[in-house]
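Below is one structure; the comments refer to it alone.
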Amino acid sequence: MAGSGVFEEIFDGEVFKYYVDGEWRKSSSGKSVAIVNPTTRKTQYRVQACTQEEVNKAIDLAKVAQKSWARTPLWKRAELLHRAAAILKEHKAPIAECLVKEIAKPAKDAVTEVVRSGDLVSYTAEEGVRILGEGKFLVSDSFPGNERSKYCLTSKIPLGVILAIPPFNYPVNLAVSKIGPALIAGNALVLKPPTQGAVAALHMVHCFHLAGFPKGLISCITGKGSEIGDFLTMHPGINCISFTGGDTGVAISKKAGMVPLQMELGGKDACIVLEDADLDLVASNIVKGGFSYSGQRCTAVKVVLVMESVADALVEKVNAKVAKLSVGAPEEDSDITPVVSESSANFIEGLVVDAKEKGATFCQEYKREGNLIWPLLLDNVRPDMRIAWEEPFGPVLPVIRISSVDEGIHHCNASNFGLQGCVFTKDINKAMMISDAMETGTVQINSAPARGPDHFPFQGIKDSGIGSQGITNSINMMTKIKSTVINLPSPTYTMG
Ligand code: G3H
């Protein structure tokens, strides 16, 4: 049960505490924020509604703790991360239970998220030891007009205090993908978890606490975005923001000021299907890519662009697979579970209604009970329909029939997003040329879009984000280069 066993100290019996200065505390606000279970639509948990003063305190403590953490040997930082990873994996069951209750993640996927997170933290520790243990050595006479009289030594140093804001759909995994790189690089970390997913995140933070990280180095602040959101993101004590989520990221980017940003803000990931594609492979990938976690992944297949000549055959195969998806509660490990909130379900329904009014073909009957929406494939979608461009973040997938590959590429590139895309063909030359033409951070050939494995670079262009993630890139992003130049007293020494 959430908040029991080793997690007892994070819960006061009614409200989950927040984490600061190496302790679990109640907010002085005396207020809490409710977390509604998407399945039952009743309050499942409560977390502290922290105040701005508590944010100030966490950042002040982080500043102090970071100074000595930066001087802690790299191997010791790695050792603590490995310990946290092991504790996280050991306690995967209670953390996964929170994911099931807070964000309706299917039971097996919830466990997978926690295990994947432990693996990510371990890999980060190892990668950090390797890449942060290296620097550069340059000599001046490579540049015209210079003698061999200056030696430049560069190394990577931490940025200071990193603010990590993960999204509801991976509140553990996309938190540790920020926490791990921040810590190994010698930074302190302030985590602001999403409201849905906050309790899973608090459990995860407790695993770092149990691992024995220094007091003040990590804090986890819960509360209302309206109260502490802007305050945190515009705080002068924050030296870098790593955010994953939706439109809020655009607003944060505009307000943040002169700090490095790592932003991942969603996508409209296109799946281009050529005439020679293996349609069984395509259908499996569309169903897995489009409907896993009910389409609530930034990397979900969000529009199928299929050549007209194979469209009927593909739609038939996809429909056969959609018919086999189980729909129901996350506890039963159903394939399709309720979407995260009522407002999200209403938004998805708005896209469906628009598509209906404009003449899309419904391959299944539209069905909704509360936040639960049955999987729906919409065929013959045209560019004048909202679903052709907008991200439903739900189990509704549009199919646009195309008469040329160029038409597919044009649709993909006309999107404001540019996260990932995929192309299915047996012709590798064509696949490479299409990949080159698609304006997205990643193109998958013959597979659905996906972020992992987690050491791969992961980036979006246009409204899909700023910077590149993936373990190595995140470590590099959370450091800056420091040079020390040794100036020799006289021109080059000559023998004899
Ligand atoms: O929702 C955004 C995530 O970065 C997607 O990750 O491809 O592992 O599901 P995933």
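Order of appearance sets the numbers: ligands from 1, and atoms from 1 within every ligand. Please read all numbers here as calculations on a predicted model, not as lab measurements.
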Geometric cation-pi criterion, Lys105 with Phe168: 6.0 Å, 45°: no
Lys NZ or Arg CZ of Lys101 over Tyr45 ring: under 6.0 Å, within 45°: no
Atoms in ligand 1 flagged as close to [X], the criterion being non-hydrogen separation under 4.0 Å:
X      : result
Arg297 : 1 (O), 7 (O), 9 (O), 10 (P)
Ala450 : 7 (O)
Glu264 : 2 (C), 4 (O)

Counting only heavy atoms not in Lys288, do more than 12 sit closer than 6.0 Å to its NZ atom? no
Contact check: Arg451 vs ligand 1, nitrogen or oxygen atoms, below 3.5 angstrom: yes
Below 4.0 Å, non-hydrogen atoms only: which portion of [X] touches ligand 1? Side chain, backbone, both or neither.
X      : answer
Arg116 : side chain
Phe458 : side chain
Gln296 : neither

Inspect the contact between Glu113 and Arg116 and indicate whether a charged nitrogen and a carboxylate oxygen are less than 4.0 angstrom apart. no
Sidechain N-carboxylate O distance under 4.0 Å for Lys426, Asp278: no
Would you mind checking which non-hydrogen protein atom is closest to atom 7 (O) of ligand 1, with the distance to 0.1 Å? Thr299 OG1, 2.6 Å
Report the residue from Ile336, Thr112, Asp333, Leu99 that forms a side chain to side chain contact (heavy atoms under 4.5 Å, CB included) with Pro106. Asp333
Parallel, tilted or perpendicular: which fits the ring planes of His206 and His209, with parallel below 30° and perpendicular above 60°? parallel
Among Gly452, Ala300, Cys298, which one puts a heavy atom closest to atom 3 (C) of ligand 1? Cys298
